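Just so we're clear, the structure is a prediction, and the values are computed from it rather than from any experiment.
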Amino acid sequence: MIQIDALPAFSDNYIWLLQDTANRRCAVVDPGDAGPVQAWLDAHPGWALTDILVTHHHHDHVGGVEALKKATGARVCGPAHERIPARDLALEDNARVQVLGLDFEVLAMPGHTLGHIAYYTAQPATPLLFCGDTLFAAGCGRLFEGTPEQMHHSLQRLAALPAATQVYCTHEYTLSNLRFARAVEPHNPHVLQRFEDVTRLRAENRISLPSTIGLERQTNPFLRTAETSVKEKADEWKGLSNPTQATVFAALRSWKDVF
């Protein structure tokens, strides 16, 4: 059994901590700060950090990698086409990497950055996805390096995963994303219910993650570019008819950037 906990970092980041409780081994995803991970290790003597998984090169995802590598000797796995500090294993699209006994598939996710990757495993009873800053709960990452077409393709690839897949993204952006989702689909009952649920969670300072792919398909406008009502809102925003799902996505992303 793998247990997964969130280690908060900075103002809204989560470092995901995977724990193999039977063997007292653990791994972390996107440690932008070594402090929370080292504090957990100090509080759990006898545990070994064996792996560090990185999705992309932004500092809030890699800032703690070198210190943790130096302190623990953990293997650092990251995208092959980005500069990742202390990287031991450079991962290409469709590569496989075993972590804590789980077999992860690597998915290329260009858009937020060009070399961004995600880690997916169907091995446990519930499939797991660690998607960095590509897919957020009810949203998606900004396009710092890639094109709208690339990001749309990346998101559609994730949307095709099994509905039960648990989505572990790396920021607590859910409530603000749902405010935008309400603007795009003001009559979507799933969006309205999720907004209520997450508002209640955040009022109690509780985490809104993980999500699921099924829930994202129902409530995330960036995965719903084929919906007529979503296209109409995108057309209204741009003042023209968007001819493809990718252009609908581009319109939504430009709207969200200033929302």
Which atom names give the shortest non-hydrogen contact between [X] and [Y], and what distance separates them?
{"X": "Phe130", "Y": "Ile4", "result": "CZ-CD1, 4.0 Å"}
{"X": "Cys169", "Y": "Ala137", "result": "SG-N, 3.7 Å"}
{"X": "Ser208", "Y": "Leu201", "result": "CA-CD1, 4.1 Å"}
{"X": "Ala6", "Y": "Ile207", "result": "CB-CD1, 3.6 Å"}
{"X": "Ala163", "Y": "Arg217", "result": "CB-NH1, 3.6 Å"}
{"X": "Ala74", "Y": "Asp88", "result": "O-OD2, 3.7 Å"}

Can you tell me how far [atom2] of [Y] sits from [atom1] of [X], rounded to the nearest 0.5 angstrom?
{"X": "His171", "Y": "Asp12", "atom1": "NE2", "atom2": "CG", "value": "6.0 Å"}
{"X": "Cys140", "Y": "His152", "atom1": "SG", "atom2": "NE2", "value": "11.0 Å"}
{"X": "Arg224", "Y": "Ser229", "atom1": "CZ", "atom2": "OG", "value": "6.5 Å"}
{"X": "Leu7", "Y": "Leu17", "atom1": "CG", "atom2": "CG", "value": "5.0 Å"}
{"X": "Leu175", "Y": "Arg200", "atom1": "CG", "atom2": "CZ", "value": "12.0 Å"}
{"X": "Ile2", "Y": "Gln19", "atom1": "CD1", "atom2": "CD", "value": "8.5 Å"}

Check whether any side-chain N or O of [X] sits under 3.5 Å from a backbone N or O of [Y] as a donor-acceptor pair, and report yes or no.
{"X": "Thr219", "Y": "Ala138", "value": "no"}
{"X": "Asp5", "Y": "Trp16", "value": "no"}
{"X": "Gln98", "Y": "Phe104", "value": "no"}
{"X": "His112", "Y": "Arg142", "value": "yes"}
{"X": "Thr121", "Y": "Asp103", "value": "yes"}
{"X": "Asp33", "Y": "Ala9", "value": "no"}
{"X": "Thr170", "Y": "Gly132", "value": "yes"}

hydrophobic_cluster_shared for [Y] and [X], side chain cutoff 4.5 Å:
{"X": "Val99", "Y": "Val28", "answer": "no"}
{"X": "Leu18", "Y": "Leu209", "answer": "yes"}
{"X": "Val76", "Y": "Val106", "answer": "no"}

- Apply the test side-chain contact (heavy atoms from CB on, under 4.5 Å) to residues Leu114 and His81: give CA-CA distance (whole Å), side-chain angles for both, the deciding distance (0.1 Å), then the verdict. CA-CA 8 Å; Leu114 285 175; His81 302 291; over 6 Å; no

Here the salt bridge (Lys or Arg N to Asp or Glu O under 4.0 Å) pairs for residues 148-160, sequence neighbours left out, are Asp93-Arg157

Connected to Leu135, directly or through other members, by ILVMFWY side-chain contacts below 4.5 Å are Leu107, Met109, Tyr120, Leu129, Leu143, Met151, Leu155, Leu158, Leu161, Val167, Phe180, Val184, Ile213, Phe222, Leu223, Val230, Trp237, Val248, Phe249, Leu252, Trp255, Val258, Phe259

Excluding Phe136, membership of its hydrophobic cluster (Ile, Leu, Val, Met, Phe, Trp, Tyr; side-chain heavy atoms within less than 4.5 Å) reads Tyr173

Under the side-chain hydrogen bond (donor to acceptor under 3.5 Å, both in side chains) test, residues paired with [X] that sit two or more places apart:
{"X": "Gln123", "answer": "none"}
{"X": "Tyr14", "answer": "Glu172"}
{"X": "His61", "answer": "Asp30, Asp133"}

Under 3.5 Å side-chain donor-acceptor pair for Asn94 and Glu92: no

**Asked** Is a side-chain donor-acceptor pair under 3.5 Å present for Lys238 with Thr247?
**Response**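 Per modelled atom types, Thr247 and Lys238 side chains form no pair under 3.5 Å.
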
Is the shortest heavy-atom distance from the side chain of [X] to the side chain of [Y] under 4.5 Å?
{"X": "His57", "Y": "His116", "value": "no"}
{"X": "Leu49", "Y": "Val37", "value": "yes"}
{"X": "Pro31", "Y": "Ile52", "value": "yes"}
{"X": "Arg194", "Y": "Ser211", "value": "yes"}
{"X": "Pro148", "Y": "Arg253", "value": "no"}
{"X": "Thr174", "Y": "Arg202", "value": "no"}
{"X": "Pro79", "Y": "Ile84", "value": "yes"}
{"X": "His56", "Y": "Glu82", "value": "yes"}

With sequence neighbours left out, write down each residue that passes side-chain contact (heavy atoms from CB on, under 4.5 Å) with [X], or none if nothing qualifies.
{"X": "Pro85", "value": "Val62, Val65, Glu66"}
{"X": "Cys77", "value": "Asp51, Leu53, Arg75, Leu89, Leu91, Val97, Tyr119"}
{"X": "Pro110", "value": "Ala108, Gln150, Ser154"}
{"X": "Gln166", "value": "Thr126, Leu128, Tyr168, Pro210"}

Residue pairs passing the ring pair (Phe, Tyr, Trp, His ring centres under 6.0 Å) test with at least one member in residues 183-216, sequence neighbours excluded, are none

The complete set of ring pair (Phe, Tyr, Trp, His ring centres under 6.0 Å) pairs with one or both residues in residues 19-40, sequence neighbours excluded, reads Trp40-His44, Trp40-Trp47

Practice problem: Assess whether salt bridge (Lys or Arg N to Asp or Glu O under 4.0 Å) is satisfied between Asp20 and Arg24, documenting all intermediate values. | Solution: CA-CA 6 Å; Asp20 172 5; Arg24 298 169 70 84; over 6 Å; no

